[in-house]
Amino acid sequence: MAEDALMMAGSWTAAMLRSSTPLMMVTLGETLTQRVGIVNLGIEGQMLSGACVGFAAAAQTGSPVIGLAVGAMAGLLLSLVHVALCLGCSANQIGSGIAVWTLGLGLTSYFGRAAVGGKVSGLAPLANSTSANVPFLGPILTQLTPVVPFALVIVLFSGFWLYRTRTGLNWRVVGESFEASRALGIRPVLVQAQGILVGGLFSGFAGAILSVDYTQTWANEMTKGRGFVAVGLVIVARWNPLLVLPVVLLFGLSEAATLRLQAFGLTLSPYLIACLPYLVCLACVVIVSLRERVLGGMPAELATVFGRRR
Amino acid sequence: MSSTGRIRFLAVCGAGAAFLVAALVFLVAIDRPPFATLAQMVLYAFGDSYSLSESLVKATPILLCALAVILPARLGLITVGGEGQLYFGALTGTAVVVAFPDGPAILLLPAMLVAGAAGGAIWSGAAGLLRTRFNVNETISTLLTNYVAILLVNYVVYGPWKDPASLGWPASITFPPGATVPSLFGSRVHIGLIAGVIAALVLHVAVERTRWGIVLSVLSENRKVGAVVGFSFVRQTLLVMTIGGALAGFAGICETSAIQGRLQSGLSVGYGLTGFLVAWLSGQNFLRAIPIAILTGGLIAAGDALQLYSRIPSASATILQGLLFVAALGASGLATRWKAANG
């Protein structure tokens, strides 16, 4: 009996980790971008481009690793548009993000046609089926691919880097005060460009994880607003890369739990269930917004974008 | 011409030129004759009376959704919720038709349109409420709720409202003649277009020529000053969000009734997003939104025609919209910076 419970806990953990990994990466990317004082709503488009290009590359080469790498680069490339508009032309960040999203939407549905219905083989799991019966760890090791621990390491490393290194400090200074950072001899525009590009890289990687490793298919608009959910979760995680981990996992758990509820006789239309991530995300944002003053954590430069300074 | 006017003129020319170059590059990249294809698109958009009428059909929801962005923008709010408001308006409007399919047109039609507008107003007002009550950024809440509204429409057309007569196709019952929005000139253009133009004119006068416009601009500049002179940001936020949402919801039920003839998924091809683009291209100006909505309606209609006759997927229209948005944002951003640097 205890063994069964352990197995079930293991398979829940595995399912939760696996489905949360793309969201974890895109939320981390947006967190780092916003830490330098830039909001990028284009991550939805960047994630789509990563999913599309990554899938195509994996299908062409037969290598999921190449697919993941190329997908990350595609996200990075598209984020260059945001860099050019926001930093090169001083355009409005929200408008520019929507423009990047539109471009990503159009380009992927145009060039993604060839890949629709294709199939790729994802990465091999961490362990082969011989260890499937090990309590708790068995389901985790056989269901998870190396992408998941890799993503976890990236999140932890980003947190360490942001709070414990010199360059991380520079990024935080830029996000708190553009002018002060300039006075300190930091080149804030350069740092902001790096912040946007890192966000592009991670969101593209997130998209590629989704198409190459998780679903192993490509479909039009397959990210379904995960990028916007990520923008909400950044607020919930208080712009802290280390908090991204628990926030995204709890979010994934709430999703997994609703799916399990179905097994206990609660029958709901799949369309209503699909509403949940957006509503849960919104509810989380509402809850943290109520405690806004106590929690803090918002980089001060963002206030001009979110219009809360007035 | 004043210096501000000259800069704006240069910005528009620059944006147009940049867009044209980007569009040509895109057409070369997809291996199409660039100039011939562009000329073809202009013909498909406005070449004859049929093309023009199709462009106006597309322009109708775009214009209404653009107004739904511009009005909140006058208060400094950025909403991207046109798509969700349009879908939810279509849903609530259809509810009336599903409940009383045999009602007399004189009651059914207005009730349907009012329900549609009310649905959009509720959907958008909820985002306004979240903003005023919980300080939740309206851009994020509208982006998230777009997906929810689309899924709700999917739920009813695949579930409770699915018409058995539609042979498995997920759609509501076909709207009876009593619930069909009247069309104009024997084409598919319907009264939604006239409503959109009137709404733009009324909003223009209300915001540019009355005290209300001053309230909005004071509050968008500085909320504290506004509060000192007795203007309520909360009330104005709820007001502009519900009016905007009502317009987008109205667009949704008109599109459902006049164009689709029944509620089905895929009701809008990104009209909300295109409306956002139009609002920004117009510089958040109600009157300028009218011609720009017709032009972008033409772009989408031309995209459809290209798909039909030249086998270029209609996603090309989305790419061109993205390029247009990038060009416009870049040019206006540079113009603002130049103005700041040179007084």
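The sequence lines fix the lettering, A, B, ..., with proteins before strands; numbering per chain opens at 1.
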Choice from [options] maximising heavy atom contacts with chain B below 4.5 Å:
options                                   : answer
Ala84(A), Gly106(A), Cys89(A)             : Cys89(A)
Val285(A), Leu105(A), Leu290(A), Ile98(A) : Ile98(A)
Gly225(A), Ser96(A), Gly95(A)             : Gly95(A)

>> I'd like to know whether Gln321(B) forms a side chain to side chain donor-acceptor pair (under 3.5 Å) with Thr296(B), so could you lay out the CA-CA distance, the side-chain angles of the two residues, the decisive distance to 0.1 Å, and finally the verdict.
In response: CA-CA 8 Å; Gln321(B) 281 181 56; Thr296(B) 42; over 6 Å; no

> What part of Leu320(B) is in contact with chain A, defined as an atom under 4.5 angstrom from a non-hydrogen atom: side chain, backbone, both or neither?
Replying inline: neither

> At a heavy-atom separation under 4.5 Å, does Val326(B) approach chain A through its side chain, its backbone, both, or neither?
Replying inline: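 Backbone plus side chain of Val326(B), per the 4.5 Å heavy-atom cut-off to chain A.
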
Checking heavy atoms, do the side chain of [X], its backbone, both or neither come under 4.5 Å from chain B?
X         : value
Leu85(A)  : side chain
Ile287(A) : neither
Val81(A)  : side chain

> Aromatic rings Phe26(B) and Tyr110(A): how do their planes relate, parallel, tilted or perpendicular, breaks at 30° and 60°?
Replying inline: perpendicular

> Should the pair Phe228(A) and Trp101(A) be assigned to parallel (<30°), tilted (30 to 60°) or perpendicular (>60°) ring geometry?
Replying inline: perpendicular

Flag side-chain contact, heavy atom, 4.5 Å: [X] against [Y]:
X         : Y         : result
Phe251(A) : Ser20(A)  : no
Leu76(A)  : Met73(A)  : yes
Ile140(B) : Ile235(A) : yes

> So which of Ile78(B), Thr79(B), Ile62(B) actually passes side chain to side chain contact (heavy atoms under 4.5 Å, CB included) with Phe276(B)?
Replying inline: Ile78(B)

In terms of heavy-atom pairs under 4.5 Å with chain A, which of [options] leads?
options                                    : result
Leu130(B), Thr318(B), Ile319(B)            : Ile319(B)
Gly270(B), Ser332(B), Ala315(B), Pro313(B) : Pro313(B)
Leu144(B), Thr274(B), Thr139(B), Ile150(B) : Leu144(B)
Ser141(B), Ala149(B), Gly322(B), Gly159(B) : Gly322(B)

> Is the centre of the Phe55(A) ring less than 6.0 Å from the centre of the Trp218(A) ring?
Replying inline: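 Centroid distance Phe55(A)-Trp218(A): not below 6.0 Å, so no.
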
